[in-house]
Peer 1: 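Mind having a look at this structure? Questions to follow.
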Amino acid sequence: MNKFEKANLLVSLTESLRANGSWSGETHLQKAMYVLECVLGVPAGFEFILYKHGPFSFDLRDEIGSLRAEGFFEWEVKSHGYGPSLKPGPMSDVLRRQFAGSVDAFKPKIEFVAAQLGKRNVADLERLTTAIFVTLNESTARESRATRINGLKRHVSLPEAENAVGEADQLIGEAQKAFSVSTA
């Protein structure tokens with residue numbers, strides 16, 4: 001995927017998140033892109049690590065900054081006391097026209113991710129995507145995954161971690177059923 005196809009994917013994902021009730025801050029885009037790439041196999045080429053608040057890509061953070069500088073994204077302050085939201089910038093229309101077909105194959109997956117994550121708050125996104133990360137990267141039983149999450153994220157209680165593991169299993173299962181993807 002070239003730079004402009006990637007940019008079009010990120011703009012499309014942001015628009016879908018916004019349409020599904022998302023705050024659409026950087027955290028939302030980070031977590032949605034993680035699920036899109038690591039669960040649904042969309043080949044954007046971002047590398048994710050488990051970081052302070054769940055899966056995070058420094059490459060994606062840099063890409064968002066570049067896309068803002070180029071006018072494909074802009075910040076929107078919706079409410080004081082909360083971080084800004086991302087929205088398509090003035091150059092996003094040009095991007096969509098010139099690379100119109102670049103995201104067509106991924107549209108159903110983008111919509112799936114936006115529907116699954118759009119209305120979740122940042123804490124919920126952290127728990128869910130950390131559970132997905134542990135599920136995809138560690139071959140342990142369900143109870144062990146919850147204990148692992150609680151160990152990694154001391155602010156996530158064991159019951160919250162158990163719930164997140166259940167939600168992660170459900171999301172991964174729905175993705176596998178809907179899109180015949182393999183997460184193994």
Side-chain angles (χ1 to χ4, degrees), residues 1-20 22-68 70 72-73 85-88 92 95-96 99-120 122 124-139 145 149 152-153 164-165 167-184:
M1 194 174 280
N2 72 36
K3 176 182 177 51
F4 295 107
E5 291 168 337
K6 222 183 259 195
N8 199 23
L9 175 70
L10 290 168
V11 168
S12 181
L13 179 57
T14 300
E15 289 174 324
S16 290
L17 283 167
R18 290 173 70 92
N20 279 276
S22 175
W23 183 264
S24 300
E26 182 182 350
T27 300
H28 287 83
L29 190 55
Q30 283 272 351
K31 304 318 180 207
M33 192 63 230
Y34 171 73
V35 173
L36 197 59
E37 189 157 359
C38 296
V39 174
L40 293 167
V42 173
F46 295 113
E47 290 186 35
F48 289 87
I49 62 167
L50 192 57
Y51 199 52
K52 295 177 187 176
H53 301 288
F56 184 84
S57 171
F58 288 94
D59 298 335
L60 177 53
R61 181 182 63 187
D62 293 346
E63 189 70 21
I64 292 168
S66 293
L67 295 174
R68 283 186 51 242
E70 295 165 351
F72 298 125
F73 274 133
S85 299
L86 285 164
K87 69 177 189 175
S92 62
L95 182 69
R96 277 190 288 268
F99 294 90
S102 66
V103 296
D104 289 349
F106 305 122
K107 268 296 197 196
K109 292 179 178 182
I110 291 168
E111 293 300 324
F112 174 84
V113 170
Q116 293 287 324
L117 304 184
K119 292 186 177 159
R120 293 178 184 263
V122 171
D124 195 24
L125 287 171
E126 175 188 3
R127 289 188 297 268
L128 175 61
T129 57
T130 299
I132 292 170
F133 188 93
V134 169
T135 298
L136 297 180
N137 293 289
E138 299 182 17
S139 55
R145 287 185 279 148
I149 292 163
L152 290 167
K153 309 282 183 182
V165 167
E167 290 180 9
D169 288 348
Q170 182 176 349
L171 186 148
I172 292 168
E174 288 176 16
Q176 289 171 333
K177 183 178 176 185
F179 301 104
S180 302
V181 293
S182 173
T183 55

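Atoms considered below: every heavy atom in the structure, side chains included; atoms not considered: hydrogens, waters and symmetry mates.
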Peer 1: Supply the atom-to-atom distance Ile132 CD1 to Asp169 CG, rounded to the nearest 0.5 angstrom.
Peer 2: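 One finds 9.5 Å between CD1 of Ile132 and CG of Asp169.
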Peer 1: Any side-chain heavy-atom pair from Leu136 and Tyr34 closer than 4.5 angstrom?
Peer 2: yes
Peer 1: Which pair of heavy atoms, one from Arg120 and one from Gln116, lies closest together, and at what distance?
Peer 2: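 Smallest interatomic distance, heavy atoms only, reads NE-O, 2.9 Å.
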Peer 1: Sort out for me which residue in Leu9, Leu13, Val11 forms a side-chain contact (heavy atoms from CB on, under 4.5 Å) with Val103.
Peer 2: Leu9
Peer 1: Rounded to the nearest 0.5 Å, what separation is found between the OG atom of Ser66 and the CG atom of Asp59?
Peer 2: 10.5 Å
Peer 1: Which label fits Phe72 and Phe4: parallel for a plane angle under 30°, tilted from 30 to 60°, or perpendicular past 60°?
Peer 2: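 Judged by the thresholds at 30° and 60°, the geometry between Phe72 and Phe4 is perpendicular.
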Peer 1: Which value, rounded to the nearest 0.5 Å, describes the distance between Lys153 atom NZ and Lys52 atom NZ?
Peer 2: 10.0 Å
Peer 1: So which pairs with a foot in residues 1-17 pass salt bridge (charged side-chain N to carboxylate O under 4.0 Å, His left out), sequence neighbours left out?
Peer 2: Lys3-Glu63, Lys3-Glu70, Glu15-Arg96
Peer 1: Ignoring hydrogens and geometry, is there a side-chain-to-backbone donor-acceptor pair from Ser16 to Ser12 under 3.5 Å?
Peer 2: yes
Peer 1: I'd like to know if the side chain of Ser57 and the backbone of Glu47 have a donor-acceptor N/O pair within less than 3.5 Å.
Peer 2: yes
Peer 1: Other residues, nucleotides and ligands only: do more than 12 of their heavy atoms fall within 6.0 Å of CD on Glu138?
Peer 2: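 More than 12 within 6.0 Å, yes.
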Peer 1: Measuring from atom NZ of Lys87 to atom OG1 of Thr14, what distance do you get when rounded to the nearest 0.5 angstrom?
Peer 2: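 Lys87 atom NZ to Thr14 atom OG1 measures 12.5 Å (nearest 0.5 Å).
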Peer 1: Using a 4.5 Å cut-off on heavy atoms from C-beta on, say whether the side chain of Leu152 contacts that of Phe133.
Peer 2: no
Peer 1: Taking all non-hydrogen atoms of both residues, which atom of Thr135 and which atom of Ala168 are closest, and how far apart?
Peer 2: OG1-CB, 4.5 Å
Peer 1: Spell out, as yes or no, whether a donor-acceptor pair under 3.5 Å connects the side chain of Glu37 to the backbone of Phe46.
Peer 2: yes
Peer 1: Heavy atoms only: give me the nearest Ala175-Val181 pair and the separation to one decimal.
Peer 2: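 Nearest heavy atoms, Ala175 then Val181: O-CG2, 3.7 Å.
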Peer 1: Where do Leu117 and His28 land on the side chain to side chain contact (heavy atoms under 4.5 Å, CB included) test, with the steps shown first?
Peer 2: CA-CA 8 Å; Leu117 304 184; His28 287 83; over 6 Å; no
Peer 1: Less than 4.5 Å apart, any side-chain heavy atom of His53 and any of Gln30?
Peer 2: no
Peer 1: Just do the side chain to side chain contact (heavy atoms under 4.5 Å, CB included) check on Leu86 and Leu17 with the steps written out, would you?
Peer 2: CA-CA 10 Å; Leu86 285 164; Leu17 283 167; over 6 Å; no
Peer 1: If you compare all heavy atoms of Pro108 against all heavy atoms of Ala105, which two are closest, and at what distance to 0.1 Å?
Peer 2: CD-O, 3.9 Å
Peer 1: Should Met33 and Ile64 count as side-chain neighbours, where that means a heavy-atom distance under 4.5 Å?
Peer 2: no
Peer 1: Using a 4.5 Å cut-off on heavy atoms from C-beta on, say whether the side chain of Phe106 contacts that of Met1.
Peer 2: yes
Peer 1: Treating Lys109 as the side-chain partner and Leu40 as the backbone partner, does any N or O pair qualify as donor plus acceptor under 3.5 Å?
Peer 2: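 Yes: the side chain of Lys109 pairs with the backbone of Leu40.
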Peer 1: Is there a side-chain contact between Lys31 and Leu128 (heavy atoms, below 4.5 Å)?
Peer 2: no
Peer 1: Does any non-hydrogen side-chain atom of Phe73 lie less than 4.5 Å from one of Leu29?
Peer 2: yes
Peer 1: With side chains defined as the heavy atoms from C-beta onward, is the minimum distance between Ile49 and Pro55 less than 4.5 Å?
Peer 2: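 A side-chain contact is absent here, since even the closest heavy-atom pair is not under 4.5 Å.
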Peer 1: Enter the distance from Phe56:CZ to Arg61:CZ here, rounded to the nearest 0.5 Å.
Peer 2: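 Result: 4.5 Å between the selected atoms.
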Peer 1: Please evaluate residues Glu167 and Arg127 with respect to the criterion side chain to side chain contact (heavy atoms under 4.5 Å, CB included), reporting the C-alpha separation (whole Å), side-chain torsions for both, the decisive distance (0.1 Å), and the verdict.
Peer 2: CA-CA 10 Å; Glu167 290 180 9; Arg127 289 188 297 268; over 6 Å; no
